[in-house]
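Written out below as structure tokens is the structure these notes cover.
For the numbers below, each heavy atom of this structure counts, side chains included, while hydrogens, waters and symmetry mates do not. Throughout, residue positions are numbered sequentially from 1 according to the sequence presented.
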Amino acid sequence: MRREKDRQLFLGAEALLNRSLKLVDAPVSLPAVYTRNRYGKPYLDKTSGIYVNWSHSGSFAICALSDREVGIDLQNTFKTPKSALVRRVLQPEEQIYYDQTPKEQRRQLFYSYWTVKESFLKALGTGFGTPIDNFYVRMEGPYPEVIQREGRDVYACRLLDFKEKDYMAAVCVKGENPEAKMRPEVEIISL
């Protein structure tokens, strides 16, 4: 890690992973040993049946555990995105909804799109190895819905309540049931 703060956040994310695995009494040895796929997504031993992912931004780290492929993202939302970034990130279907949204709500909406997209790409296990024009996000319903342009697996996504102002989090898990019980538990740990 180039910067000390990045190194501390990475170590914090690993500590959070181990603490989370202990809280759910996961059948893995601690500290957790993981490997990464060619895109960098972490995987525990396949026999555990547990999928993990984490993210960090600013001074916070967040972790997700699931029995299915999972991706999670955390973003600092303080900066208003420039119009060039909005045009680059949003797909035509998203841009229509974005343009119809009152201007004072657009920053929040942009980061909703961004965090769902990143959590989805992380759940796929490819990160930005999958072009963002291969899918779009529909925000009109009770939960964000990822629509892939080529028929693939379905992912359930949720925006998470992150208590800290100017931060947003999203999680996506492989599977069709957006009503499936997700237990978003937030625990603050100091390093």
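- Between the CZ atom of Arg158 and the OH atom of Tyr143 there is a distance of 4.0 Å, given to the nearest 0.5 Å.
- Formation of a donor-acceptor pair under 3.5 Å by the Asn37 side chain with backbone atoms of Gly125 is found in this model.
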Go through it in stages, so that I can follow the logic: the residues are Tyr43 and Glu69, the test is side chain to side chain contact (heavy atoms under 4.5 Å, CB included), and I'd like the CA-CA distance, side-chain angles, deciding distance and then a yes or no.
CA-CA 10 Å; Tyr43 284 93; Glu69 287 283 0; 3.2 Å; yes
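- Proximity of Leu30 to Lys22: side-chain heavy atoms (C-beta onward) are separated by under 4.5 Å at one or more points.
- A donor-acceptor pair under 3.5 Å is absent between the side-chain atoms of Thr77 and the main chain of Met168, judged by distance alone.
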Give the C-alpha distance, both sets of side-chain angles, the deciding distance and a yes or no for side chain to side chain contact (heavy atoms under 4.5 Å, CB included) between His56 and Leu74.
CA-CA 6 Å; His56 51 79; Leu74 176 65; 5.6 Å; no
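- Within the 4.5 Å cutoff, the side chain of Leu159 has heavy atoms near those of the Pro144 side chain.
- Tyr97 contributes atom OH, which lies 8.5 Å from atom CE of Met139 (distance to the nearest 0.5 angstrom).
- Taking the ring centre of Tyr98 as origin, the terminal cationic atom of Arg106 falls inside the region bounded by 6.0 Å and 45° from the ring axis.
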For a side chain to side chain contact (heavy atoms under 4.5 Å, CB included) check, start with the C-alpha distance between Val28 and Asp45, then their side-chain angles and the critical distance, and finish with the verdict.
CA-CA 8 Å; Val28 296; Asp45 179 350; 5.7 Å; no
Determine, step by step, whether Val52 and Ile50 satisfy the side chain to side chain contact (heavy atoms under 4.5 Å, CB included) criterion, reporting the C-alpha distance in whole Å, the side-chain angles of both residues, the deciding distance to 0.1 Å, and the verdict.
CA-CA 7 Å; Val52 300; Ile50 299 173; 4.1 Å; yes
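- In this structure, Ser57 contributes its side chain and Asn76 its backbone to a donor-acceptor pair below 3.5 Å.
- At least one donor-acceptor pair under 3.5 Å links the side chain of Glu94 to the backbone N or O of Val137.
- When the side chains of ILVMFWY residues are joined at heavy-atom separations under 4.5 Å, either directly or via intervening members, Val116 and Ile147 end up in two distinct hydrophobic clusters.
- When every heavy atom of Pro81 is checked against every heavy atom of Arg107, the shortest pair comes out as CD-CG, 4.0 Å.
- The environment of CD in Gln108 is sparse: at most 12 heavy-atom neighbours from other residues, nucleotides or ligands sit within 6.0 Å.
- Around atom CZ of Arg38, no more than 12 heavy atoms belonging to other residues, nucleotides or ligands sit under 6.0 Å away.
- Here CG of Leu85 is found 10.0 Å from NZ of Lys82. Values are rounded to the nearest 0.5 Å.
- Nearest approach of Ala170 to Ser119, heavy atoms of both residues: O-CB, 3.4 Å.
- Here the CG atom belonging to Leu65 is positioned 10.0 Å from the CG atom belonging to Asn53, to the nearest 0.5 angstrom.
- When the ring-ring contact (aromatic ring centres under 6.0 Å, His included) test is applied to Tyr111, no partner is found at least two apart in sequence or on another chain.
- Cluster annotation: Leu124 is connected to Ile132 through the hydrophobic network of ILVMFWY side chains, with a link wherever side-chain heavy atoms come within less than 4.5 Å.
- No donor-acceptor distance shorter than 3.5 angstrom exists from the side chain of Lys122 to the backbone of Val70, with no hydrogens or angles considered.
- For Arg68 (side chain) and Lys174 (main-chain N/O), a donor-acceptor pair under 3.5 Å exists by modelled atom type.
- Side chain of Asn18 to backbone of Ala32: a donor-acceptor contact under 3.5 angstrom is found.
- Heavy-atom minimum distance, Lys41 versus Ala123: NZ-O, 3.1 Å.
- Nearest heavy-atom pair across Gln95 and Arg87 is OE1-CA, 4.2 Å.
- A donor-acceptor pair is defined here as one N or O able to donate and one able to accept, closer than 3.5 Å; no such pair exists between the side chain of Glu118 and the backbone of Thr115.
- Interatomic distance, Tyr167 OH to Gln75 CD, rounded to the nearest 0.5 Å: 10.0 Å.
- With sequence neighbours excluded, the residues forming a side chain to side chain contact (heavy atoms under 4.5 Å, CB included) with Ser59 are Lys5, listed by chain and number.
- Atom NZ in Lys103 sits 12.0 Å away from atom OG1 in Thr101 (nearest 0.5 Å).
- Placement of Phe135 and Tyr155 within a single hydrophobic cluster is found when ILVMFWY residues are connected by side-chain heavy-atom separations under 4.5 Å, directly or transitively.
- By the rule that hydrophobic residues join a cluster once side-chain heavy atoms approach within less than 4.5 Å of another member, Ile62 and Phe120 end up as members of separate clusters.
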Start with the C-alpha gap between Gln91 and Tyr113, add the side-chain angles, then the distance that decides, and say whether side chain to side chain donor-acceptor pair (under 3.5 Å) holds.
CA-CA 10 Å; Gln91 297 304 299; Tyr113 279 122; over 6 Å; no
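- Placement of Trp114 and Val86 within a single hydrophobic cluster is found when ILVMFWY residues are connected by side-chain heavy-atom separations under 4.5 Å, directly or transitively.
- Smallest separation of non-hydrogen atoms from Ser48 and Leu44: OG-CB, 3.9 Å.
- Residues Tyr136 and Glu145 bring no donor and acceptor atom of their side chains to less than 3.5 Å of each other.
- Thr130 places no side-chain N or O within donor-acceptor distance of the main-chain N or O of Thr126, the cut-off being under 3.5 Å.
- Side chain of Arg149 to main chain of Asp133: a donor-acceptor pair is present (N/O by atom type, distance under 3.5 Å, no hydrogens or angles).
- The ring pair (Phe, Tyr, Trp, His ring centres under 6.0 Å) pairs that include a residue from residues 17-36 are Tyr34-Trp54, where partners are two or more places apart or lie in different chains.
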